[in-house]
Amino acid sequence: MTRATVLYFASLRDAAGIASEVVDSDAVDLAALYTQLRARHGFKLERDRLRVAVDATFATWQDKLREGSEIAFIPPVSGG
Amino acid sequence: MTRATVLYFASLRDAAGIASEVVDSDAVDLAALYTQLRARHGFKLERDRLRVAVDATFATWQDKLREGSEIAFIPPVSGG
Amino acid sequence: MDAARFQLAATPFDVATLRAGLLDPGVGAYASFEGWVRQHNDGRPVRGLRYEAYAALAATEGERILQQALQEFDILDARCTHRTGDLVVGELAVWVGVTAAHRAPAFAACRFVIDEVKARVPIWKHERYRGGQTTWLP
Amino acid sequence: MDAARFQLAATPFDVATLRAGLLDPGVGAYASFEGWVRQHNDGRPVRGLRYEAYAALAATEGERILQQALQEFDILDARCTHRTGDLVVGELAVWVGVTAAHRAPAFAACRFVIDEVKARVPIWKHERYRGGQTTWLP
């Protein structure tokens with residue numbers, strides 16, 4: 001099991017009801033982690049509409065979970 | 001003869017040494033008037049590099065001189 | 001080190017001050033863009049909105065966009081400040097300022113920066129409508 | 001009648017005031033352009049310059065350009081103020097401000113206005129160089 005912090009923003013945060021949580025997961029990569037958390041929180045957003053970041057840097061879905069890392073799922077942005 | 005006021009700007013004013021003058025001219029049109037005044041003041045600018053205005057409205061070189069009108073020869077502009 | 005070129009502002013910020021930071025005797029052209037909160041969006045009457053950011057990532061991604069602009073266009077400087085928090089109709093949401101010797105690259109880089117900020121920087125808009133409904137955009 | 005959209009200013013003018021004149025709850029995008037006096041032009045060190053205008057014609061031609069912008073682009077307003085008289089390096093020479101619901105027409109109209117002003121409005125620039133020479137441009 002790998003322990004990581006997950007941050008939620010915008011509609012993901014509303015759906016999860018929390019801004020962040022610490023998870024212990026056996027997900028092989030970030031894609032699998034999103035699948036697990038999507039099932040847990042009932043996220044409506046498909047993975048291909050999101051980007052993913054690790055420790056405040058954009059990452060790829062195939063990246064492995066790193067112990068102690070901070071993971072964020074990035075919904076479509078709407079700044080400006 | 002037609003009497004009109006002529007305004008000079010920028011390099012034309014420097015060459016004429018005056019900002020305006022009242023002229024009595026028999027020029028058939030504004031093109032002919034410029035030819036006369038160019039000869040008098042030694043303007044270097046060819047007519048096709050200028051525009052002409054009458055009473056603060058752009059005019060054409062074929063327009064006749066109108067008594068009492070205010071004529072300006074417009075050198076290439078360089079605002080902005 | 002200078003202040004970061006990309007900034008998040010949790011409170012109203014002053015454009016005149018940001019513009020003054022770009023003054024330089026080599027500048028001939030200053031192009032700027034501002035986004036203001038409109039009273040309507042897609043036909044719905046907007047009462048106000050909230051911008052939420054993933055601040056750490058927004059800072060690095062915003063900075064990356066401005067560095068890209070400096071590399072790809074013949075400009076002297078490029079900066080951007082984006083509001084977070086609650087805004088009402090008419091408030092300033094985002095400012096982009098670009099300086100250059102000449103106007104063509106200033107305009108092009110200014111457009112590039114706002115387009116990229118809207119597309120890439122992790123900031124989300126939550127609109128409040130008359131009647132009480134709210135929604136995350138897009 | 002409102003103040004004219006195109007103005008000549010014989011003394012330094014304040015951009016913040018002009019921008020404030022464009023505030024409107026329908027505005028989502030504000031694009032602006034400013035020309036500042038550069039210390040070099042075509043490689044020559046500039047000490048300052050003087051703008052001279054044929055004021056009556058500049059006013060009507062400037063107004064015509066702004067009306068054209070309002071007709072040709074999906075914008076809410078467009079204004080321009082141009083300095084006359086003596087300016088030093090760093091001073092503001094011209095300002096264009098355009099408001100719209102969306103950014104694409106705001107940028108396009110702002111670019112249109114400054115291009116047309118430079119091409120059509122009877123204003124002439126007289127540059128003074130270090131060393132004392134002067135010249136009319138272009």
Side-chain angles (χ1 to χ4, degrees), chain B residues 3-23 25 29-31 33-34 37-38 40-80, chain D residues 4 6-9 32-38 41-42 46 49-65 80-85 87 91-96 110-128 133-138:
Chain B
R3 171 165 292 197
T5 302
V6 181
L7 308 180
Y8 298 117
F9 294 100
S11 62
L12 294 183
R13 195 196 46 225
D14 285 358
I18 48 175
S20 71
E21 64 182 330
V22 175
V23 299
S25 170
D29 59 15
L30 298 172
L33 178 66
Y34 182 70
L37 295 171
R38 188 181 181 195
R40 181 190 302 176
H41 294 299
F43 297 145
K44 294 210 179 83
L45 281 167
E46 302 279 348
R47 182 165 58 80
D48 64 8
R49 299 210 51 213
L50 305 176
R51 285 178 297 168
V52 62
V54 175
D55 294 337
T57 301
F58 283 115
T60 71
W61 291 108
Q62 289 68 48
D63 290 349
K64 305 292 169 219
L65 258 66
R66 280 208 322 273
E67 183 72 24
S69 61
E70 184 180 84
I71 295 158
F73 300 114
I74 311 291
V77 303
S78 51
Chain D
F6 182 87
Q7 305 259 11
L8 294 175
S32 84
F33 176 82
E34 298 178 23
W36 299 351
V37 179
R38 292 171 67 212
N41 195 3
D42 276 331
V46 173
L49 54 77
R50 188 173 83 244
Y51 281 111
E52 177 180 310
Y54 179 12
L57 184 56
T60 56
E61 191 68 1
E63 207 66 28
R64 203 188 309 270
I65 290 166
C80 177
T81 299
H82 201 299
R83 265 299 299 281
T84 58
L87 285 77
E91 265 198 276
L92 174 62
V94 60
W95 167 83
V96 178
C110 189
R111 180 69 196 264
F112 168 83
V113 170
I114 188 63
D115 287 355
E116 294 296 304
V117 165
K118 280 172 173 273
R120 291 163 48 184
V121 175
I123 298 175
W124 299 273
K125 180 167 23 184
H126 188 250
E127 285 190 341
R128 301 186 301 277
Q133 312 93 314
T134 66
T135 192
W136 286 104
L137 282 85

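What you find for B:Gly79 and D:Lys118 is that their closest heavy atoms are O-CG, 3.3 Å. Taking all atoms of both residues into account, the shortest heavy-atom contact from D:Arg120 to B:Arg51 is O-NH2, 3.0 Å.
If you measure heavy-atom distances from D:Ala55 to chain B, you find no contacts under 4.5 Å at all. In this structure, chain B has a heavy atom under 4.5 Å from the side chain of D:Trp136, while its backbone stays farther away. Only the side chain of D:Glu61 comes within contact range of chain B, with at least one heavy atom under 4.5 Å from a heavy atom of that chain. Only the side chain of B:Ala53 comes within less than 4.5 Å of a heavy atom in chain D; its backbone stays farther off. Contact annotation for D:Arg50: only side-chain heavy atoms (C-beta onward) come within less than 4.5 Å of a heavy atom of chain B. Heavy atoms closer than 4.5 Å to chain B are found in both the backbone and the side chain of D:Tyr54.
Here D:Pro138 is the residue among D:Pro122, D:Pro138, D:Ala119, D:Ala93 with the most heavy-atom pairs under 4.5 Å with chain B.
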- request: Evaluate the criterion side-chain contact (heavy atoms from CB on, under 4.5 Å) for residue pair D:Leu57 and B:Phe58; output intermediate values, then yes/no.
  value: CA-CA 8 Å; D:Leu57 184 56; B:Phe58 283 115; 3.7 Å; yes

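D:Tyr51 places a side-chain N or O within 3.5 Å of a backbone atom of B:Gly80 that can act as its donor or acceptor partner. Checked by atom type and distance alone, the side chain of D:Trp124 never pairs as donor or acceptor with a backbone atom of B:Phe9 at under 3.5 Å.
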